[in-house]
Amino acid sequence: MIDKSNSRAQALSHLAELSDQQRVWYLQKLVQQVTSLTEWQNAKVVALTMAQDEELPTELLIQTALLQGKKVLLPKVRPNHKMDFIQVDEKTDYARHKFGMLEPIGEPFVNLDEIDFVLVPGLAFAEDGQRLGFGGGYYDRWLPKVNAPKVGVTLAANYFKRAQWPVEQTDYALDKIIVLDGYHE
């Protein structure tokens with residue numbers, strides 16, 4: 001077992017090594033596989049994530065959800081390792097957070113019981129739903145407040161039979177992990 005920082009570095013390197021062509025392929029595969037889930041198809045309110053830097057791109061999934069008439073919520077970081085979700089549409093303005101990520105500008109979505117589907121970001125995932133996030137604990141604190149299905153998406157290189165990193169009591173396991181595999185040049 002390796003520590004979380006080394007596991008993060010290894011997972012980030014797998015993502016950073018993707019070519020532009022691979023990124024486009026994974027973007028399309030992500031949308032195809034997520035939208036084919038029954039949980040997605042039945043959902044009216046989806047909490048998604050805006051991909052940062054090397055993460056698997058989610059822009060097309062966000063656009064697809066809006067086109068399908070779903071309410072789309074995106075995260076906004078708050079002090080003390082907390083986060084809110086803001087409902088977005090085509091007119092939403094965004095601002096860059098001090099950590100560099102884009103966040104929607106708006107009021108927090110407070111009816112968490114209306115959320116039907118959550119796409120949870122992560123660097124690496126295990127078969128039992130464990131995820132290795134970026135280390136802030138934002139999602140581990142927020143996820144227990146929501147009863148919706150929680151889904152992660154990852155590359156085959158960042159998916160493991162068992163967590164290769166130490167799992168802590170505060171780490172929140174997901175309901176389903178989609179492994180995007182099969183890219184061939």
Side-chain angles (χ1 to χ4, degrees), residues 1-34 46-64 73-85 94-104 117-143 150-185:
M1 184 164 301
I2 50 182
D3 68 30
K4 285 188 175 184
S5 62
N6 285 333
S7 291
R8 283 186 188 100
Q10 187 177 46
L12 274 168
S13 75
H14 291 145
L15 290 165
E17 291 166 1
L18 295 177
S19 67
D20 289 344
Q21 187 177 357
Q22 287 172 309
R23 284 193 177 284
V24 169
W25 187 87
Y26 282 117
L27 172 137
Q28 293 169 342
K29 199 78 166 161
L30 183 148
V31 171
Q32 177 186 27
Q33 293 206 11
V34 170
V46 296
L48 304 179
T49 180
M50 288 187 68
Q52 309 298 323
D53 300 327
E54 270 84 35
E55 286 183 278
L56 291 173
T58 54
E59 299 86 358
L60 185 58
L61 183 62
I62 294 167
Q63 293 303 316
T64 300
L73 313 176
L74 294 176
K76 180 179 178 79
V77 172
R78 291 190 357 228
N80 302 317
H81 294 271
K82 294 205 165 73
M83 109 183 137
D84 288 322
F85 276 76
Y94 296 84
R96 205 158 282 285
H97 186 274
K98 66 181 178 183
F99 296 134
M101 65 258 198
L102 278 179
E103 297 181 318
F117 183 93
V118 182
L119 181 70
V120 184
L123 293 171
F125 296 86
E127 198 174 274
D128 65 355
Q130 290 299 327
R131 70 180 259 284
L132 180 66
F134 288 87
Y138 293 93
Y139 275 87
D140 291 321
R141 286 178 189 79
W142 184 81
L143 287 170
K150 296 155 187 83
V151 177
V153 180
T154 190
L155 306 174
N158 290 344
Y159 182 70
F160 302 93
K161 189 107 180 117
R162 290 190 345 267
Q164 303 295 299
W165 55 90
V167 175
E168 297 165 27
Q169 192 172 345
T170 54
D171 291 345
Y172 193 91
L174 305 184
D175 301 308
K176 187 174 284 193
I177 309 297
I178 296 172
V179 182
L180 303 177
D181 197 7
Y183 180 84
H184 301 288
E185 289 196 27

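This chain uses plain numbering: 1 for the first residue, then up along the sequence.
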Worksheet item: Does the Arg141 side chain pair with the main chain of Gly136, one donor and one acceptor, at a distance under 3.5 Å?
Response: yes
Worksheet item: Can you list the residues that meet the ring-ring contact (aromatic ring centres under 6.0 Å, His included) rule with Tyr139, with sequence neighbours excluded?
Response: none
Discussion item. Can you give me the closest heavy-atom contact between Gln164 and Arg162, atom names plus distance?
Written reply: NE2-O, 2.8 Å
Discussion item. Nearest 0.5 angstrom please: His81 NE2 to Tyr138 OH, how far?
Written reply: 5.0 Å
Worksheet, complete the sentence: Contacts of His14 meeting side chain to side chain donor-acceptor pair (under 3.5 Å) (sequence neighbours excluded), chain-then-number -> Asn158
Worksheet, complete the sentence: When rounded to the nearest 0.5 Å, the distance separating CD of Gln28 from CG of Leu180 is 11.5 Å
Worksheet, complete the sentence: Arg78 meets the salt bridge (Lys or Arg N to Asp or Glu O under 4.0 Å) criterion, sequence neighbours left out, with Asp84
Discussion item. Pair Val34, Ile178 - check side chain to side chain contact (heavy atoms under 4.5 Å, CB included), show working.
Written reply: CA-CA 8 Å; Val34 170; Ile178 296 172; 3.9 Å; yes
Practice prompt. I would like to know whether Trp142 and Phe85 meet ring-ring contact (aromatic ring centres under 6.0 Å, His included); could you show each step before the answer?
Written response: CA-CA 10 Å; Trp142 184 81; Phe85 276 76; 4.3 Å; yes
Practice prompt. Determine yes or no for a side-chain-to-main-chain donor-acceptor pair under 3.5 angstrom, with Gln33 supplying the side chain and Val31 the backbone.
Written response: no
Worksheet item: Quick one: does Thr58's side chain have a donor or acceptor within less than 3.5 Å of a partner on Ala51's backbone?
Response: yes
Response to the item:
Residues at least two apart in sequence or cross-chain that pass ring-ring contact (aromatic ring centres under 6.0 Å, His included) with Phe125, listed by chain then number, are none
Worksheet item: Looking at side-chain heavy atoms only, is the closest gap between Thr154 and Leu123 below 4.5 Å?
Response: no
Item to complete: Tell me, please, which residues at least two apart from His97 pass side chain to side chain contact (heavy atoms under 4.5 Å, CB included).
Response: Val77, Phe99, Met101, Glu103
Worksheet entry | For Lys176, salt bridge (Lys or Arg N to Asp or Glu O under 4.0 Å) partners two or more places apart | Glu39
Fill in: Results of side chain to side chain contact (heavy atoms under 4.5 Å, CB included) for Pro57 - residues two or more places apart only
Arg23, Leu27, Glu59
Practice prompt. Applying salt bridge (Lys or Arg N to Asp or Glu O under 4.0 Å), name anything that partners Lys4, two or more places apart in sequence or on another chain.
Written response: Glu168, Asp171
Worksheet item: So, for Pro75 and Pro104, which heavy atoms are closest and what is the spacing to 0.1 Å?
Response: O-CD, 3.4 Å
Worksheet, complete the sentence: Output for pair (Gln63 CD, Leu48 CG), nearest 0.5 Å, gives 11.0 Å
Worksheet item: Of the options Val153, Asp175, Leu143, which is the one that meets Val120 in a side-chain contact (heavy atoms from CB on, under 4.5 Å)?
Response: Leu143
Worksheet, complete the sentence: In short, side-chain hydrogen bond (donor to acceptor under 3.5 Å, both in side chains) pairs touching residues 118-130 with sequence neighbours left out are Glu127-Lys161
Worksheet item: Is Leu61 close to Leu30 at the side-chain level, that is, under 4.5 Å between some pair of heavy atoms?
Response: yes
Worksheet, complete the sentence: CG of Leu15 to CG of Leu56, rounded to nearest 0.5 Å, is 5.5 Å
Worksheet, complete the sentence: Hits for side chain to side chain donor-acceptor pair (under 3.5 Å) against Ser5, two or more places apart or cross-chain, chain-then-number order -> Asp3
Fill in: Spacing of Leu155 atom CG and Leu18 atom CG [to the nearest 0.5 Å]
5.5 Å
Worksheet, complete the sentence: Applied to residues 130-139, the salt bridge (charged side-chain N to carboxylate O under 4.0 Å, His left out) test, sequence neighbours excluded, yields Arg131-Asp140
Discussion item. Check the orientation of Phe160 and Trp165. Use parallel for under 30°, tilted for 30 to 60°, and perpendicular for over 60°.
Written reply: perpendicular
Discussion item. For Tyr159, give me all partners under ring-ring contact (aromatic ring centres under 6.0 Å, His included), at least two apart in sequence or on another chain.
Written reply: none
Worksheet item: If we only count heavy atoms from C-beta on, is the Glu55 to Phe134 side-chain gap below 4.5 Å?
Response: yes
Practice prompt. Measure the NZ-CD1 distance between Lys150 and Ile177 for me, rounded to the nearest 0.5 Å.
Written response: 12.5 Å
Discussion item. Checking the side chain of Gln22 only, and the main-chain atoms of Ser19 only, is there a donor and an acceptor separated by less than 3.5 Å?
Written reply: yes
